[in-house]
Structures are given as structure tokens and as C-alpha cells.
Colleague: 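Dropping a structure here in C-alpha cells format, bear with me for questions.
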Amino acid sequence: GLFPAKNSMVEGHSVHRVARAHTRKLVGRLFKATSPNGRFTEGAKLIDGREMAKVEAVGKNLFAWFGGPKIDGRPATVMHVHFGMSGRWAVFDAAKAPDPTPTTRLRLETGNIVSHLSAMTVAHGDDDLYLGKKAKLGEDGLREDADPEALWERVKVSKKSIGKLLMDQAFFAGVGNIYRAEILFKAGVHPEILGEDVTREEFNRIWNHTVSLLRRGFQCGSILTVDKEEAIRLGKPNMRRYIYNQKRCGRCGDRVISWTMAARTCYACPSCQPLRKTNVSIPDASEVKVFNSHCARESLTERISTPQKLRVSELKAELKRRGLSTSGRKKELVERLSTSKWKCVSCGFTNLQTALMCIMCAETALKGTLPETVGLLDSAHKFSDTGPILAVPGTKDLLAVRSAVAASLDKMQAGEKLNVEHVADLDLTAEGKTVDWTDLHGDRNGRGFSNGVMKMEVSDSKLFKDEGFDTKEKTEIVTPKLAGGRKRRNSTRASARSMNGSPRKSSSKKTTDSSKRQRRRR
């Protein structure tokens, strides 16, 4: 389906996307509030009939204020939300809003909008609740008030490893396991180096990549850590991560190792992240046992370079394509595919096994398929990777973010059947389902760019029923350029392409048949 499976933690960049979306959509409105499942009854009574004043994110935590002395003469009610593994804050047109589910803790109604909130934690209090929670959290690279100097003062005296510190929300708020692996890789720092042994230059690189990657995730709606230029240069234009859940380093090709750190799998490339301290040992480090991750899904094209990630049906299909035997158990199929040579899918040039496409074809393909997002994707946020300059935290300088629906379509068109990570915001209003890029400094209610929107026909009942995505046969996507110029139009069948890049077969069957197919795929 278009929207994510409910099996991965909501990361900091996604929580900030919720805060920004609801600031535009819900702030300034009076609400009728109820708690459908009875687990937020007292809080709903305090919110009922009050105006939403503001929404903020701190790391993986969300806070919403209702009322206040300047609004209704009473102290504000502050709601604290932690989405956990399956939470979501959805917005619907009132006329088409679905019934609450058993997990819906809060239902907000106002005019033509209905909002449903489900989350692991939904609590209420006053400003002291916010201040108390915020005081326990560390520096958030997506907040303008983040203080990297204060963070450095704490890191440089810590006897914890830098890998543990990155996952500690009291130090680096909003960072999860995928970000931990990729930030340290890009910084060239081994996870087992103690905080007190991290140099100032290394800390600067860690902070800069933390800010840069979180901003990219906030803007694109995906955990994307590989720079486009490097992916092209490596001949792997679809590569999304360097070492997380990889057997080989995406940059140097060396073997990636993994081990358990604080109950989570930690990754490192020994060549790109050397462990310089001889008195530090890696507990039970081993070759990565890759898996078909639900938290960081990869396309079939990406997984073919690591056959262990393929399902048996996929292994057999690829072996058949290469004219090889498809008999045997999975271990035999993996071995057969791993030892075979293969050719560029475009020109036939024989590649190294880890390459997806030869460099010339990769460049040509990217020039023709990448969205025209010049001026949108963080191009002005530059920093020195080796010098003393620290990246400025926050998102106020960003012009636009990809809408949740558009970001999901981006991933599907890149070859991913599921989203990279669980996404907590869901705008199923008529407007939310058609916005492509959302102007961060325009209309509070979230209208997309007038010179470029994503036009589609969506089946509401399908979205409400199983969070799938159903369109009519043709969907036209228009990707805007901020600085003017022509609009580029792509017509796609069923809004996305199949995992091998060929168009999906169109169908004239009823929606019920489409629903069955989507459930089988999931």
C-alpha cells in the first residue's frame, strides 16, 4: 500500500513533519474533543471547546497547546504525544471521515475537518509538563534552539561510546538506529569510540551530518543518507544507505561488521570507520546478517546485489533471467546467484557484482527520471565536513516539504513497495491527497504550489479501509520548480512503477479486486 506498515519507530524528522503539518492545518481552530477508546477522557474534556494554540516537536516527542491566557483567559492545556511504533495523527474532511478505531485516543472535530490521534503515549498537563520533558531531552538538530556547544561539553567527558550517545535521547534527540549507523559512517567515526576520546573535529562532523540528514528526512519524508552525486559516481543510482543492513560498504566495498550495542544492532565499515584506540574492543563483532528490512525497505533492484535479502521467488526469477538453474533450497539459490556475473540492465556491459548499473547508464537514467527539485532540497544548507564550521540547526530556512502522499509515491516510483519508515502524519482531506510540495511559508491551511500540484483520483474508502492506495488508470504528476520555468509532467499507470521499473499492468476490475491484490502484496 501507499502508506507505511505499522512496524517501525517514528523518528525525529517524521515527528517534526507532523508538527509542521498540523501547525498549518489545525492551529487557530476551536475543537470538539472526545476520546473514542476512553484512554484520554480527562484530557479530551480539558481540550474540548478550546483553540489549538501551537504544536512543537522535540526529538521524537510532540507537544500541542490548547487555549491559554491570551486566547481564553485560562492556563493552557498541554498535550504530550509519543507515537511509538504505530501511532499516527490523521486529518480528514468531515464528510468523509472514517469511524474511530479501537486505538483512537483523541478525536477532534471542527467545521469541515476531523482529526484522529493514536499513539503509545498521550498525556496532558500544563506548561510544566512541557518544560519537564524538554529538560530531559538532548539537542535536536531540527530545532533552532539546539546548542551544539553545550552538547560537545557533555560528549567530551562521557565514558559512554559515541554509538550509545547518538541513541541516547538525552544527548542527540530524534536520532534512531538507521540514522546512528549512517551518521557515524559519513563522519568516519567508529561507534565504539568513547565520547571522551572523540576529537572536536570528529564531533563537528557528527553534528553536521546529524543536522543535514535529519533536515533531508524532514523535507523529503524519507531516511535518505546517500548523496545523489556519490550514488551516480559509484554506479548505484538507487542506493539509499551506505552500511545499515548491508553486507558490503556502499562506498569502499569492504565487509560491514555488526554487533549488539544496548540491545540494538550496530554497524560499521572497518575501512571507512577505523577503530583507532587499541584498548577498545568490539564485543562479538561479526559479518552482517542482512535481512529484508521492514524498517528500511529496499527495492528489488537494490536487493539483487545482496542475494541473501531476496525471497525465494525473487531469487528464482533473477536466476531465470540470467539463464541459470532455479532448482534447490534458498542457500543454494543464493550461492548460485552470488557467484554469477551479470550485465548492466541497460547496455549489457559486465559489472562488478555490487554494481546495479554501469556509470554511464546510471547518469543517463538519472538525468531523465529524477524530479526537478532545484531550489527545494536543502541546496543552500552547506557546511564544512572537516573544518570548524558547525551546521546551523533548524528548518526555518527551508522553502517546502514533500507532502506525505507525494513522498510515498516518490518511494514507490523509486522501486520500494513499502515506505522507508513509519510515518505519523496522514492528511486525507481532498487537498492533502493532491498536494505535491507544501509551501512552508504560505497559507496556514497548507495549500500546495499553484504552479505545480499532484493531480490524482483517490478512492477514499480504500484509504480508510486498509491504508492502501487506489487510483484510476492514469495519474498525472506535476513536479514544480520554485524559480519558475516549465513544469515537467509524467504520466504513470496506477501512480507507481513496479520494482523492476516496468509499468504495472492496468486493471479495469472493481475496487474489491484491487483491495485483494493490495492485501496479498502486503
Side-chain angles (χ1 to χ4, degrees), residues 4-17 59-61 82-87 120 137-142 155 160-193 195 206-207 209-218 220-226 239-247 249-250 256-269 272-273 282-298 302 306 309 416 418-424:
K6 299 180 180 180
N7 54 9
S8 52
M9 181 68 73
V10 177
E11 304 289 358
H13 72 281
S14 184
V15 179
H16 275 270
R17 285 174 62 86
K60 300 178 182 181
N61 297 265
H82 192 293
F83 290 103
M85 300 290 284
S86 59
M120 178 180 71
L137 295 169
E139 307 303 326
D140 181 347
L142 291 177
V155 168
K160 283 186 177 182
S161 68
I162 190 62
K164 288 181 179 178
L165 293 177
L166 267 169
M167 291 286 283
D168 188 339
Q169 298 301 297
F171 282 78
F172 291 83
V175 173
N177 201 34
I178 302 174
Y179 277 128
R180 189 252 307 266
E182 300 292 297
I183 287 168
L184 290 178
F185 172 81
K186 297 192 78 168
V189 178
H190 197 285
E192 289 290 353
I193 293 177
I206 291 169
W207 173 255
H209 287 299
T210 298
V211 173
S212 178
L213 294 183
L214 284 173
R215 280 167 57 94
R216 184 184 295 177
F218 169 77
C220 299
S222 301
I223 300 180
L224 300 173
T225 64
V226 180
M239 186 169 71
R240 299 167 74 84
R241 285 161 290 280
Y242 292 97
I243 62 170
Y244 177 82
N245 191 32
Q246 306 296 321
K247 289 185 73 69
C249 172
V256 176
I257 58 173
S258 67
W259 64 101
T260 300
M261 178 182 285
R264 301 296 298 273
T265 302
C266 193
Y267 300 86
C269 170
C272 299
Q273 300 165 270
I282 305 173
D284 303 322
S286 62
E287 184 175 323
V288 174
K289 294 181 179 179
V290 297
F291 57 96
N292 189 8
S293 172
H294 295 285
C295 187
R297 292 291 274 192
E298 298 169 290
E302 292 174 288
T306 310
K309 296 182 181 181
E416 291 190 351
L418 297 177
N419 290 335
V420 172
E421 74 282 339
H422 180 70
V423 178

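Predicted, not measured: the structure shown is a model, and the values here were computed from it.
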Colleague: Hey, what do you get for NE2 (H209) to CZ (F185), rounding to the nearest 0.5 Å?
Modeller: 10.0 Å

Colleague: Verify, without hydrogens or angle tests, whether S14 (side chain) and V10 (backbone) share a donor-acceptor contact under 3.5 angstrom.
Modeller: no

Colleague: Would you find a donor on one side and an acceptor on the other, under 3.5 Å apart, between the side chain of D140 and the backbone of G59?
Modeller: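 At least one qualifying donor-acceptor pair exists.
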
Colleague: With distance as the sole test, does K186 use its side chain to make a donor-acceptor pair with the main-chain N or O of A181 at under 3.5 Å?
Modeller: no

Colleague: Is any side-chain heavy atom of C272 closer than 4.5 Å to one of C249?
Modeller: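 Yes, at least one pair of side-chain atoms sits under 4.5 Å.
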
Colleague: If we ignore hydrogens and angles and just use 3.5 Å, is the side chain of Q273 paired with the main-chain N or O of V189 as donor and acceptor?
Modeller: yes

Colleague: Among I223, T225, L224, exactly one meets side chain to side chain contact (heavy atoms under 4.5 Å, CB included) together with E182. Which residue is that?
Modeller: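 Option passing the side chain to side chain contact (heavy atoms under 4.5 Å, CB included) with E182: T225.
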
Colleague: Kindly determine whether M261 and R180 satisfy side-chain contact (heavy atoms from CB on, under 4.5 Å), including the steps that lead there.
Modeller: CA-CA 11 Å; M261 178 182 285; R180 189 252 307 266; 3.4 Å; yes

Colleague: Once rounded to the nearest 0.5 Å, what's the spacing between atom NE2 of H16 and atom CZ of R215?
Modeller: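 One gets 12.0 Å once the value is rounded to the nearest 0.5 Å.
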
Colleague: Okay, side chain of S161, backbone of K164: is any donor-acceptor separation there less than 3.5 Å?
Modeller: yes

Colleague: Does either side chain, that of W259 or that of E192, offer a donor lying less than 3.5 Å from an acceptor on the other one?
Modeller: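 Yes, because at least one side-chain N or O of W259 sits under 3.5 Å from a partner of the opposite role on E192.
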
Colleague: Please round to the nearest 0.5 Å and tell me the distance separating atom OH of Y267 and atom CD1 of I178.
Modeller: 9.0 Å

Colleague: For N177 and R264, which heavy atoms make the closest approach, and how far apart are they?
Modeller: CB-NH2, 3.2 Å

Colleague: Is a side-chain donor or acceptor of R17 paired with a backbone partner of F218 at a separation under 3.5 angstrom?
Modeller: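 It does hold such a pair.
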
Colleague: Would V175 and D168 count as a side-chain contact (heavy atoms from CB on, under 4.5 Å) here? Give the steps.
Modeller: CA-CA 8 Å; V175 173; D168 188 339; over 6 Å; no

Colleague: Show the nearest heavy-atom pair for residues F172 and L165, with the distance to one decimal.
Modeller: CD1-O, 3.4 Å

Colleague: Please report the closest heavy-atom contact between P191 and L184, naming both atoms and the distance.
Modeller: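 Closest heavy-atom pair between P191 and L184: CA-CD1, 3.8 Å.
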
Colleague: Hey, what do you get for OG (S258) to OH (Y244), rounding to the nearest 0.5 Å?
Modeller: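 So the gap between those two atoms works out to 11.0 Å.
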
Colleague: Please check if the side chain of E139 supplies one atom and the backbone of A170 the other of a donor-acceptor pair under 3.5 Å.
Modeller: no

Colleague: Would H13 and Y179 count as a ring-ring contact (aromatic ring centres under 6.0 Å, His included) if you check the C-alpha gap in whole Å, the side-chain angles of each, and the deciding distance to 0.1 Å?
Modeller: CA-CA 11 Å; H13 72 281; Y179 277 128; 5.6 Å; yes

Colleague: With a 4.5 Å heavy-atom cut-off, do M120 and M85 have their side chains touching?
Modeller: no

Colleague: Mind checking whether C269 and Q246 have side chains closer than 4.5 Å, heavy atoms only?
Modeller: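 Result no, sub-4.5 Å side-chain heavy-atom pair not found.
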
Colleague: Taking all heavy atoms of H190 and all of A268, pick out the closest pair and write down the distance.
Modeller: NE2-CB, 4.1 Å

Colleague: Which atom names give the shortest non-hydrogen contact between V155 and I162, and what distance separates them?
Modeller: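 Answer, listing the atom of V155 first, then I162: CG1-CD1, 4.2 Å.
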
Colleague: Closest approach of L142 and G12, non-hydrogen atoms and distance?
Modeller: CD1-O, 4.3 Å

